[in-house]
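Heads up, the thing below is written out as structure tokens.
Heavy atoms only: backbone and side chains are in, while hydrogens, waters and symmetry mates are out. Along the sequence shown, residues are numbered consecutively beginning with 1. These figures come from a predicted structure and were not determined experimentally.
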Amino acid sequence: LGGAGNSIMSSPHSDNRRHLLRLWAPALLLCGVVGALIVAALASGDSARARTTVFAVLLVGLFLFGSRAFQKRRFARALQSPDPTALLRSIAGPVRRVPHGTLLAAANSATILALYGRFDEAQHELEAVSWRGIPPLIRAHHTLASAAIAYSSGRVTEGLAHAVAAVQEATLDSQFPGAGTSALAFRTYRNLGLALSGRATESTAEELNTAFRQLPLLGQITAAWGLAVIARHQHAAPQQQAMRAFIQARAPHFAPVFRSIDTA
């Protein structure tokens, strides 16, 4: 009974909550310290100290914003290359600095390689690291990369099973920062599978349109892929060509994606 109780209490949702609380605790503590310093500076009556403190905080914020914008531009430029090597470097560097970064980098690299049609290399990326004993949220990235490999190689049923499992593994409390965007990104792969398998509904298309508007570039491309396939099934040639053109302009070497759109 004790073992059964532990099994019932443990779930992806609760495990992910514990993982994120451990992850966010240092950041929240740092924000609290910075906030206290700002309040102390403003309350000190020393205008020079207050200006210096506020300026330093703004400078750090601008640096972080600029760094993120630079990384997005570098990623977009790297997508134009027929060789994904530079693209893999652009996503691996920043990701490796976060907890479980090596695993996240492997999953991201596997996804990119799959979209380039390099399936053996993609699978090797996933198998080159250990995925044991990790939070479900991190494991979900492995599952999602497996879905990308399956979709890109034409194994739609297998890919959809992986994508559905990834959505379950990545379940989060809605109050965590970024939880909504994360959930949408995982559901986008599930919705892509529904589109590829000819099982898309009106709500599938609506959520893919939401992902197309709100997600970062790779998520937009994934959503556009699904929308193009749905449009082809519905004989909506203008919509299909618009989504295909969007992908062509941003990721011209995603050969499996174009093959899927043109023959779905």
Side-chain angles (χ1 to χ4, degrees), residues 7 10-20 22-23 84 88 91-92 95-96 98-174 176 178-197 199-200 204 207-208 211 215-223 225-226 229 254 256-257 260:
S7 177
S10 180
S11 68
H13 188 274
S14 59
D15 289 345
N16 289 336
R17 181 192 299 120
R18 287 192 293 270
H19 167 65
L20 288 180
R22 289 194 297 267
L23 191 66
L88 299 181
I91 61 178
V95 169
R96 289 185 190 279
V98 304
H100 301 293
T102 299
L103 300 180
L104 296 176
N108 291 340
S109 296
T111 298
I112 292 296
L113 287 166
L115 294 172
Y116 268 82
R118 296 164 69 158
F119 307 127
D120 291 341
E121 294 174 63
Q123 195 63 48
H124 175 74
E125 284 288 332
L126 288 183
E127 294 173 355
V129 292
S130 174
W131 295 88
R132 294 183 178 180
I134 57 174
L137 180 60
I138 303 302
R139 176 74 190 183
H141 288 81
H142 173 283
T143 312
L144 208 64
S146 297
I149 295 171
Y151 287 152
S152 299
S153 57
R155 306 192 313 274
V156 175
T157 301
E158 178 186 337
L160 180 56
H162 284 307
V164 170
V167 171
Q168 296 171 343
E169 290 173 334
T171 179
L172 292 172
D173 290 329
S174 59
F176 280 108
T181 300
S182 174
L184 178 61
F186 280 99
R187 291 197 305 271
T188 297
Y189 273 81
R190 181 201 61 195
N191 290 330
L192 171 60
L194 293 173
L196 290 170
S197 62
R199 296 160 56 189
T204 306
E207 195 158 50
L208 284 172
L215 291 181
L217 182 54
L218 191 57
Q220 291 177 326
I221 291 171
T222 305
W225 181 3
V229 170
F254 281 8
V257 175
S260 171

Reported CD-to-CZ distance for the pair Gln168 and Phe186, which is rounded to 0.5 angstrom: 12.5 Å

Heavy-atom pair of closest approach, residues Ala107 and Ala145: O-CB, 3.6 Å

Closest non-hydrogen atom pair between Ala211 and Leu184, with its separation: CA-CD2, 3.9 Å

Closest approach of Ala195 to Ala200 (non-hydrogen atoms, all atoms of both residues): CA-CB, 4.0 Å

All salt bridge (charged side-chain N to carboxylate O under 4.0 Å, His left out) counterparts of Glu127, not counting sequence neighbours: none

Donor-acceptor contact below 3.5 Å, side chain Trp225 vs main chain Leu196: no

Non-hydrogen side-chain atoms of Leu113 and His124 separated by less than 4.5 Å: no

Note, Ser260 side chain near Tyr151 side chain (heavy atom, < 4.5 Å): no

Derivation of the side-chain contact (heavy atoms from CB on, under 4.5 Å) call for Leu144 and Thr111: CA-CA 8 Å; Leu144 208 64; Thr111 298; 6.0 Å; no

Within residues 183-192 or reaching into it, pairs that qualify as side chain to side chain donor-acceptor pair (under 3.5 Å) - sequence neighbours excluded: Arg187-Glu207, Arg190-Glu207, Asn191-Glu207

Considering all heavy atoms, the nearest Gly193-Val156 contact: O-CG1, 3.9 Å

Candidate pair Leu115 and Leu218, rule side-chain contact (heavy atoms from CB on, under 4.5 Å), full reasoning: CA-CA 11 Å; Leu115 294 172; Leu218 191 57; 4.0 Å; yes

Pairing residues for Glu158 by the side-chain contact (heavy atoms from CB on, under 4.5 Å) criterion, not counting sequence neighbours: Ala150, Arg155, His162

Ring pair (Phe, Tyr, Trp, His ring centres under 6.0 Å) partners for Phe254, two or more places apart: Tyr116

Non-neighbouring partners of Thr143 that pass side chain to side chain donor-acceptor pair (under 3.5 Å), sequence neighbours left out: Glu169

Spacing of Leu103 atom CG and Ile138 atom CD1 [to the nearest 0.5 Å]: 7.5 Å

Intermediate values then yes/no, side-chain contact (heavy atoms from CB on, under 4.5 Å), Ile221 and Val257: CA-CA 9 Å; Ile221 291 171; Val257 175; 5.5 Å; no

Side chain to side chain donor-acceptor pair (under 3.5 Å) partners of residues 132-142, not counting sequence neighbours, each pair once: none

For the student: nearest non-hydrogen atoms of Ala140 and Ala170, plus distance: CB-CB, 3.9 Å

Ala106 to Val129 - nearest heavy-atom pair and separation: CB-CG2, 3.9 Å

Atom pair CG (Leu88) and CD (Glu121), whose distance is rounded to the nearest 0.5 Å: 8.5 Å

